[in-house]
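Only one structure is covered here, and it is reproduced in the block below.
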Amino acid sequence: RRQRQMCIRDRSKDHNPDSTYPSHFSPMKSKAVLKEIQAISFDLDDTLWQTAPVIKNAQTMIKKQILEEFQQFNPETLDEEFMESLVLVREENPEIHHNLTEMRRLSFVKMLQNYGYDTNLSHGLIEKFLHFRHEVTLYPDVEECLRFLQGKYKVASLTNGNANVMRLEIGKYFDVHLSSEEVGVKKPDRMMFHKVSRSLDIPHELILHVGDNPVDDVQGAVDAGLQTIWINRSQNPWPLDSADPHEIRDLNELIEFLS
């Protein structure tokens with residue numbers, strides 16, 4: 001009990017003036033009491049690695065690939081065309097907003113069409129993009145935590161993104177990988193969390209979900225009947241009016257919490 005108490009933050013003393021969340025959000029007093037846990041589900045982006053540099057690198061590398069393979073593309077306008085094509089795909093295809101891979105592929109289709117190339121070449125481009133998308137740098141606390149969990153809990157990944165943890169070296173620590181592309185909806189939709197319960201064959205209330213997004217991860221998991229911990233690497237104040245969640249700043253604290 002004492003070890004668990006160590007990791008519960010009083011964020012009224014932790015306000016970060018550079019926070020992206022409004023300072024008028026104040027932490028609530030009550031927390032749900034964590035019960036028996038048989039499985040841990042993890043968000044991926046900004047939970048196990050920082051996402052922005054990964055996406056930036058993937059975009060840089062695929063643009064370089066496009067210019068090497070398709071001579072008609074103009075390097076002076078490629079950045080603008082790259083962004084505009086994805087914006088158009090999002091506007092025209094709201095029914096696939098949960099499928100980032102297909103939206104990205106369709107953006108390649110638009111770019112290829114504009115220069116008279118065979119749009120089937122978009123499939124090769126998306127495979128190359130996904131290769132670069134998986135060039136991630138784990139936070140330093142990740143692998144130690146996964147090793148700690150191995151054999152003690154079932155472990156799943158649950159993401160709205162298009163990274164597949166099974167393509168990474170740490171995939172060996174996971175029993176299940178689920179993405180919004182596979183399920184057909186995005187977190188915080190309850191179906192995402194129902195799917196992880198069914199895939200692990202463990203009741204909702206015995207699963208602890210760990211993620212960085214207050215709405216998609218924390219509130220979504222609570223609404224679906226899972227237990228939850230907010231991983232708050234940026235030390236932001238809790239931005240919602242709902243009950244202040246259990247919180248950790250890194251996965252070393254998750255080890256302490258579960259010990």
Side-chain angles (χ1 to χ4, degrees), residues 7 37-65 98-102 104-105 123-183 186-187 192-193 195-202 207-213 216-217 221 226 228-234 248-259:
C7 302
I37 298 167
Q38 294 184 7
I40 315 288
S41 63
F42 288 100
D43 171 56
L44 295 179
D45 290 330
D46 291 321
T47 295
L48 301 190
W49 55 75
Q50 188 177 5
T51 308
V54 175
I55 301 302
K56 182 178 180 180
N57 178 67
Q59 291 176 345
T60 298
M61 296 303 293
I62 198 63
K63 289 174 191 175
K64 180 180 178 182
Q65 194 77 36
H98 62 279
N99 192 332
L100 298 184
T101 299
E102 182 62 8
R104 179 69 70 180
R105 188 190 71 81
H123 295 283
L125 284 176
I126 193 61
E127 286 306 314
K128 290 171 183 174
F129 178 83
L130 287 175
H131 171 77
F132 300 131
R133 170 68 169 93
H134 285 82
E135 292 182 346
V136 303
T137 300
L138 300 175
Y139 287 119
D141 48 83
V142 171
E143 191 152 11
E144 180 183 355
C145 179
L146 293 174
R147 283 196 298 266
F148 170 81
L149 298 176
Q150 194 172 32
K152 301 181 180 72
Y153 305 91
K154 287 189 176 181
V155 179
S157 62
L158 192 63
T159 180
N160 285 346
N162 52 5
N164 184 341
V165 75
M166 298 305 187
R167 293 181 62 157
L168 304 175
E169 180 65 25
I170 58 170
K172 63 188 177 184
Y173 297 112
F174 287 80
D175 299 288
V176 169
H177 168 76
L178 292 170
S179 69
S180 57
E181 294 180 10
E182 176 186 349
V183 180
K186 297 172 67 175
K187 294 178 295 183
M192 286 285 282
F193 299 97
K195 182 72 172 178
V196 76
S197 174
R198 288 196 297 269
S199 297
L200 292 172
D201 194 26
I202 291 178
I207 301 172
L208 175 67
H209 182 69
V210 180
D212 71 294
N213 190 289
D216 293 348
D217 292 306
L226 280 69
T228 187
I229 286 181
W230 183 34
I231 186 164
N232 182 15
R233 294 183 183 275
S234 300
I248 56 176
R249 291 183 177 175
D250 58 39
L251 293 182
N252 291 325
E253 291 189 350
L254 180 62
I255 295 175
E256 296 177 17
F257 199 86
L258 294 171
S259 295

Checklist line | side-chain contact (heavy atoms from CB on, under 4.5 Å) partner of C145, the single match among D250, L258, I255 | finding: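 That would be I255; it is the only one of D250, L258, I255 passing the side-chain contact (heavy atoms from CB on, under 4.5 Å) with C145.
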Residues forming a side-chain hydrogen bond (donor to acceptor under 3.5 Å, both in side chains) with [X], sequence neighbours excluded:
X	value
Q65	E69
D43	T47, K187
K64	none
D46	T51

Item checked: Close side-chain approach of K186 and D216, heavy atoms under 4.5 Å ->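 In short, these two side chains do not touch, never coming nearer than 4.5 Å.
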Notebook entry, point to check: So do T101 and F129 actually touch side chain to side chain, heavy atoms under 4.5 Å?
Noted result: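 No - every pair of side-chain heavy atoms lies 4.5 Å or more apart.
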Next item on the list: Kindly indicate, with the supporting measurements, whether the criterion side-chain contact (heavy atoms from CB on, under 4.5 Å) is fulfilled by N160 and M192.
Entry: CA-CA 9 Å; N160 285 346; M192 286 285 282; 3.9 Å; yes
Next item on the list: For R167 and L130, run side-chain contact (heavy atoms from CB on, under 4.5 Å): C-alpha distance rounded to whole Å, both residues' side-chain angles, the deciding distance at 0.1 Å, then the answer.
Entry: CA-CA 10 Å; R167 293 181 62 157; L130 287 175; 3.8 Å; yes
Is the backbone of [Y] close enough, under 3.5 Å, to the side chain of [X] for a donor and an acceptor to pair up by distance?
X	Y	value
K154	L200	yes
W230	I248	no
S197	I202	yes
T228	H209	yes

What's the spacing between [X] [atom1] and [Y] [atom2] if we round to 0.5 Å?
X	Y	atom1	atom2	result
T159	E181	OG1	CD	9.0 Å
S180	L100	OG	CG	6.0 Å
L254	E144	CG	CD	11.0 Å
L149	R147	CG	CZ	11.0 Å
E253	L251	CD	CG	9.5 Å
S41	H177	OG	NE2	12.5 Å

Item checked: Listed partners of F42 passing ring pair (Phe, Tyr, Trp, His ring centres under 6.0 Å), at least two apart ->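 In terms of ring pair (Phe, Tyr, Trp, His ring centres under 6.0 Å), with neighbours along the sequence ignored, F42 is linked to no residue.
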Can you see which heavy atom on [X] is nearest to which on [Y], and at what distance?
X	Y	result
I170	F174	O-CD1, 3.3 Å
D217	F193	O-CZ, 4.0 Å
S157	L44	CB-CD2, 3.7 Å
G171	M166	O-SD, 3.6 Å
S179	G161	CB-O, 4.1 Å
V196	A156	CG2-CB, 3.6 Å

Notebook entry, point to check: Does the side-chain contact (heavy atoms from CB on, under 4.5 Å) test come out yes or no for S259 and F148, once each step is laid out?
Noted result: CA-CA 10 Å; S259 295; F148 170 81; 4.0 Å; yes
Checklist line | Stepwise side-chain contact (heavy atoms from CB on, under 4.5 Å) test for L158 and V176 | finding: CA-CA 9 Å; L158 192 63; V176 169; over 6 Å; no
Margin query: Tell me which pairs pass side-chain hydrogen bond (donor to acceptor under 3.5 Å, both in side chains) where either residue lies in residues 131-143, with sequence neighbours left out.
Written below: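 Listed once each, the pairs are D45-R133, N57-E135, R133-N162, D141-R233, E143-Y173.
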Checklist line | Residue pair E102, R105: steps toward the salt bridge (charged side-chain N to carboxylate O under 4.0 Å, His left out) verdict | finding: CA-CA 5 Å; E102 182 62 8; R105 188 190 71 81; 2.9 Å; yes
